[in-house]
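Here is the structure we will look at.
Computation of the quantities below employed the complete heavy-atom set of this structure, encompassing side-chain atoms and omitting hydrogens, waters and symmetry-equivalent molecules. Numbers here are sequence positions counted from 1.
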Amino acid sequence: FNDLELLFDMAMSDYVPLRECVEDLVLLKRLWDMVVLVRETFSDWYGVLWDKINTEKMMHTVKDLESQLKNLPKGVRGWPLYAWIVEEVKNMQTALPLVNDLHSE
């Protein structure tokens, strides 16, 4: 940001709000990428026929998604979107063992 100030021999400015905005945008992008990944994964599962369901693979995928969510930067953990997507993953973790029980009968 300071290249032009250096070029024209001007006093250097500190762009703290701009840097913070860029950092927030990077965090937001990472969080929305996770939201898309979770929603696309779950929506693909909604179309699976009952006799083709592989709940063990699905449970493993949900555990992977949960670990990816936990590995997101701490800056996103206070955001409502993060709480929502974590809740979605937890709901699926709760539902899959029940689907497995129904499927095995």
Side-chain angles (χ1 to χ4, degrees):
F1 299 119
N2 297 36
D3 294 340
L4 292 177
E5 291 170 339
L6 187 62
L7 178 67
F8 292 109
D9 198 29
M10 297 173 62
M12 300 297 266
S13 301
D14 189 22
Y15 297 101
V16 175
L18 192 56
R19 272 192 213 107
E20 290 173 356
C21 183
V22 169
E23 291 169 5
D24 285 347
L25 287 173
V26 169
L27 292 176
L28 195 57
K29 167 85 168 83
R30 290 189 63 188
L31 181 58
W32 274 107
D33 287 345
M34 274 305 299
V35 168
V36 169
L37 178 63
V38 169
R39 296 304 301 154
E40 288 294 319
T41 301
F42 291 173
S43 66
D44 287 345
W45 291 351
Y46 296 144
V48 176
L49 297 176
W50 184 253
D51 58 347
K52 304 284 187 203
I53 292 176
N54 183 351
T55 53
E56 289 181 22
K57 182 180 175 189
M58 289 175 169
M59 285 190 271
H60 180 71
T61 302
V62 168
K63 286 181 184 178
D64 288 344
L65 291 171
E66 181 184 34
S67 69
Q68 288 178 26
L69 281 170
K70 286 182 180 178
N71 288 334
L72 285 175
K74 292 183 180 185
V76 301
R77 294 187 183 168
W79 295 349
L81 182 62
Y82 179 81
W84 175 79
I85 199 63
V86 166
E87 189 66 28
E88 289 287 309
V89 171
K90 284 183 181 178
N91 288 343
M92 188 59 79
Q93 274 184 320
T94 303
L96 283 176
L98 301 173
V99 170
N100 187 38
D101 290 345
L102 288 172
H103 190 261
S104 63
E105 292 179 2

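- With rounding to the nearest 0.5 angstrom, the CG atom of Asn71 is 10.5 Å from the CD atom of Glu66.
- Here Thr94 contributes atom OG1 and Lys90 contributes atom NZ; the two are 9.0 Å apart, rounded to the nearest 0.5 Å.
- With sequence neighbours excluded, the residues that form a side-chain contact (heavy atoms from CB on, under 4.5 Å) with Asn54 are Glu56, Lys57.
- A chain of hydrophobic side-chain contacts below 4.5 Å, direct or via other Ile, Leu, Val, Met, Phe, Trp or Tyr residues, connects Tyr46 to Leu102.
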Contacts under 3.5 angstrom, residues 26-43 side chains, donor-acceptor by atom type, not counting sequence neighbours:
from	atom 1	to	atom 2	distance (Å)
Lys29	NZ	Asp33	OD1	2.9
Lys29	NZ	Asp33	OD2	2.8
Arg39	NH1	Glu88	OE1	3.0
Thr41	OG1	Leu37	O	2.7
Ser43	OG	Arg39	O	3.0
Ser43	OG	Glu40	O	3.1

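- Annotation for Asp44 and Val48: closest pair O-CG2, 3.8 Å, computed over non-hydrogen atoms.
- Under the 4.5 Å side-chain contact rule for hydrophobic residues, Trp84 and Met92 share a cluster.
- Side-chain N or O atoms of Asn100 include none that pairs as donor or acceptor with a backbone N or O of Leu96 at under 3.5 Å.
- Closest approach of Trp50 to His103, counting heavy atoms only: O-NE2, 2.8 Å.
- Inter-residue side-chain proximity for Val62 and Trp45 is flagged as met; some heavy-atom pair is nearer than 4.5 Å.
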